[in-house]
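The structure under discussion appears below in the form of structure tokens.
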Amino acid sequence: MTNYQMPRGTQDILPNEIEKWHALEEFLTKFATLYHYKEIRTPIFEHTEVFKRGNDSSDMVNKEMYTFMDNGSRSITLRPEGTAGVCRSFVENKLFGSADLPQKLYYMGPMMRYERPQKGRQRIFHQFGVEAIGAKNPYLDVETIALGYSILRGLGLKDLVVQLNTLGDDASRNAYREALKDHFSTSLDELCTDCKRRYEQNPLRILDCKVDHDHPAMKSAPKIQDYLNSESRDYFDRVKEGLDALGIPYTVEDRLVRGLDYYTHTVFEIVSVNEEMGSQSTLLAGGRYDGLIEYFGGPQMSGMGFALGMERILIALDAEKIDITEEESIDAYVLCLDDQAQCNALAITTTLRSHGFIAETDYLHRSFKAQFKSVDRMKAKVAVLIGNSEVENHTVSIKRIDTQEQYVVDQDQLIEKMDEIFEERM
Ligand code: HAM
């Protein structure tokens, strides 16, 4: 049987929901601009190697990518995240040559991952993300975390926890990796198949396992803090100092390693603790990465960024009963009172629109009463009436809904009258 339903894990965003998307997009754009970020738009598919780099251990790369051969026998992957594509573009377009580093780039758009769908987890979802590339400075990490936190607080969300950790530099991480391998070697048989793979590829990722989360070996695992060399410890201390100075509350989470392989030093997540969120409660996550720009053939440059899940933000806003939309309304509804007036009503509607008034009219030959119901439903500020006598006399009747005042003016004076009414309403 033909299946005309949308694929599992995808969703339509319908006209009755679009207002909150627009409001969120506008809010995020404003905040990004405030922090001096500029938008970058990269393709929603890339060559697979952009995402699949070497011996990557992440679930995202190993299990969740939509990868296919195109008609030219190239392996293509639908982007599962934004960071890799932005770094590829940064190198390809030589943005590293800019006099203004770090380059601060933001993006918004759909990402695709083959995950098991549930509330807050889709196969197509939308991220807003930022990447500041070209400066390695703990206070830039602080600024980035501050941006993420201010966005969520600015939206009105309160039930938030900032979780922070460091993965240290390469040397610290290598020492820690060895310690973890040692530690898990005796219990490896009891861990899940994914953990066995992680043990070989990147033992840090074992700490992130949802299946073996409560295994005793997890609880007794060594902590990264004990393997940090002095540079890494100093870097992390400055990040904490900066967050304290800005008054951003956080908790240090030893087991926070993040699901992607490219991180070094700072990693963080902002989680909603509202109980209606369910298990998908991480609203925003990111950290510092060192090797990506080099991987794409660029200079040795470090980046710092995060991405937030826009669907999850909307769920969190609902959970905290926050409405970010402005009341939807139109400026004028043009009532067309008989068939002969239709052409004139359309001309009037078009004139209103060309002067910046959001206007609508009737195309269903409905009764006067039914059209007035549309005036109410659309919350029109003004009703403009066109009937036979108005056509004959070249006039319009205008009814101001808030005061119920009515005027009859020549059609040439309609815009003047509308301007006057809207001026008074301000
Ligand atoms: P991520 O943790 O994979 O990081 O995703 C960031 C956010 O995207 C998550 O916290 C969540 O809100 C949302 N998200 C992820 N997967 C799904 C899904 N299947 N359905 C709904 N929402 C989802 C990254 O993507 C990194 N690129 C972040 C980053 C930027 N790191 C440095 N720069």
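In this text, all values refer to a predicted model and were calculated from it rather than measured experimentally. Numbering starts at 1 and runs along the sequence shown. Counting convention: from 1, in listed order, for ligands and their atoms alike. FYI, side chains are in, hydrogens and waters are out, and symmetry mates aren't considered; it's all heavy atoms of this structure.
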From CA spacing to verdict: salt bridge (Lys or Arg N to Asp or Glu O under 4.0 Å), R121, E311: CA-CA 9 Å; R121 190 162 71 195; E311 284 83 356; over 6 Å; no
Are there any protein N or O atoms under 3.5 Å from the N or O atoms of ligand 1? List them with distances, or say none.
from     : atom 1 : to   : atom 2 : distance (Å)
ligand 1 : 2 (O)  : R258 : NH1    : 3.1
ligand 1 : 2 (O)  : R258 : NH2    : 2.8
ligand 1 : 3 (O)  : R113 : NH1    : 3.0
ligand 1 : 3 (O)  : R113 : NH2    : 2.9
ligand 1 : 4 (O)  : R258 : NH2    : 3.0
ligand 1 : 5 (O)  : Q127 : NE2    : 3.2
ligand 1 : 8 (O)  : Q127 : NE2    : 3.1
ligand 1 : 10 (O) : T282 : O      : 3.4
ligand 1 : 12 (O) : T282 : O      : 3.0
ligand 1 : 12 (O) : L283 : O      : 3.1
ligand 1 : 12 (O) : G309 : N      : 3.1
ligand 1 : 16 (N) : R113 : NH1    : 3.4
ligand 1 : 19 (N) : E115 : OE2    : 2.7
ligand 1 : 19 (N) : Q122 : O      : 2.9
ligand 1 : 20 (N) : Q122 : N      : 3.0
ligand 1 : 25 (O) : R113 : NH2    : 3.1
ligand 1 : 25 (O) : Q127 : NE2    : 3.0
ligand 1 : 27 (N) : E81  : OE1    : 2.4
ligand 1 : 27 (N) : T83  : OG1    : 2.8
ligand 1 : 27 (N) : Y262 : OH     : 3.0
ligand 1 : 31 (N) : Y263 : OH     : 2.6
ligand 1 : 33 (N) : T83  : OG1    : 3.3
ligand 1 : 33 (N) : E131 : OE1    : 2.9
ligand 1 : 33 (N) : E131 : OE2    : 3.1
ligand 1 : 33 (N) : F306 : N      : 3.4

Residue that, paired with E320, satisfies side chain to side chain contact (heavy atoms under 4.5 Å, CB included) out of K158, E276, M277: K158
Results of side-chain contact (heavy atoms from CB on, under 4.5 Å) for D419 - residues two or more places apart only: F357, I415
Stepwise salt bridge (Lys or Arg N to Asp or Glu O under 4.0 Å) test for R113 and E81: CA-CA 9 Å; R113 296 185 193 177; E81 59 119 23; 5.6 Å; no
Side-chain H-bond candidate by donor/acceptor type, E131 with Y107, under 3.5 Å: yes
Within 45° cone and under 6.0 Å: K181 NZ/CZ vs Y199 ring: yes
